[in-house]
Amino acid sequence: MKIEIKDITTETVSCSNCQACCCRLEVMIISETGVPKKYIEFDKWGGETMLRLSDGWCSALDRETMMCTIYENRPWICREFEMGSYECVTQRAEVS
């Protein structure tokens, strides 16, 4: 008899292994946090969103470090998106 072993461990998400997957999501700006205007675009309904580049990544993401260049002024939604949360892990799985 052969018993299949499944690896049910999950990798803990940390700053050192973050893939910045959340930086591919559409981010609405719903409060004033000081996001510089060059990173803001307007959607078809007139709402403010973070500008995403043609490849889908947030324009405020530094591609070399994969870190936010406006971290202190990031939108409220980015502040609430918790690293390692269910939403984070789900987004990582979708992108990988």
Side-chain angles (χ1 to χ4, degrees):
M1 181 168 149
K2 194 176 199 182
I3 299 174
E4 184 179 334
I5 298 174
K6 291 183 182 180
D7 182 5
I8 59 171
T9 59
T10 56
E11 180 182 16
T12 302
V13 181
S14 67
C15 291
S16 63
N17 67 9
C18 177
Q19 299 169 358
C21 297
C22 56
C23 295
R24 296 180 67 94
L25 297 171
E26 182 173 25
V27 174
M28 294 180 63
I29 300 173
I30 56 177
S31 65
E32 180 57 46
T33 62
V35 174
K37 298 246 183 259
K38 69 180 184 177
Y39 297 113
I40 298 173
E41 69 179 347
F42 292 89
D43 63 20
K44 61 184 175 184
W45 300 281
E48 292 182 337
T49 62
M50 286 298 293
L51 174 66
R52 290 193 297 168
L53 303 176
S54 60
D55 61 2
W57 287 97
C58 176
S59 61
L61 180 69
D62 180 318
R63 300 300 185 86
E64 290 183 25
T65 63
M66 297 305 279
M67 296 177 74
C68 181
T69 61
I70 60 166
Y71 190 78
E72 294 299 320
N73 299 101
R74 68 195 185 281
W76 178 81
I77 291 173
C78 297
R79 294 167 189 258
E80 292 296 311
F81 195 93
E82 187 178 343
M83 182 172 35
S85 66
Y86 173 79
E87 291 83 5
C88 171
V89 172
T90 302
Q91 182 64 21
R92 284 170 62 101
E94 288 179 13
V95 172
S96 297

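What's counted below: heavy atoms across the whole structure, side chains too, no hydrogens, waters or symmetry copies. No experiment lies behind these values; they were computed from the predicted model shown.
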- Please check if Phe42 and Ile29 belong to a single hydrophobic cluster, counting links between Ile, Leu, Val, Met, Phe, Trp and Tyr side chain heavy atoms closer than 4.5 Å. no
- Query: Taking all atoms of both residues into account, what is the closest heavy-atom pair of Lys38 and Leu51, and its distance?
  - Reply: O-CD2, 3.6 Å
- Message: Would you say that more than 12 heavy atoms from the other residues, nucleotides or ligands in this model lie under 6.0 Å from the CD of Glu41, or not?
- Response: yes
- Note on the structure: Rounded to the nearest 0.5 Å, the CE atom of Met28 sits from the CD atom of Glu26 at a distance of 7.5 Å
- Note on the structure: For Val89 and Gly84 the tightest heavy-atom approach is CG2-O, 3.8 Å
- Starting at CZ of Arg74, measure out to SG of Cys58 and round the result to the nearest 0.5 Å. 12.0 Å
- Item | Check: Thr33 and Arg79 side chains under 4.5 Å, non-hydrogen atoms | yes
- Query: Quick one: are Phe81 and Leu25 in side-chain contact, heavy atoms under 4.5 Å?
  - Reply: yes
- Query: What is the minimum heavy-atom distance between Val35 and Asn73, and which atoms define it?
  - Reply: CG2-O, 3.1 Å
- Rounded to the nearest 0.5 angstrom, the CE-CG distance for Met66 and Leu61 is 5.0 Å
- Query: What is the distance from atom SG of Cys18 to atom CZ of Arg92, rounded to the nearest 0.5 Å?
  - Reply: 6.5 Å
- Task: Hey, could you give me the OG1/CE distance between Thr12 and Met83, rounded to the nearest 0.5 Å?
- Result: 10.5 Å
- Message: Just verifying a value: how many Å separate Cys23 SG and Leu53 CG, rounded to the nearest 0.5 Å?
- Response: 11.0 Å
- Charged tip of Arg52 within 45° of Trp57 ring normal and under 6.0 Å: no
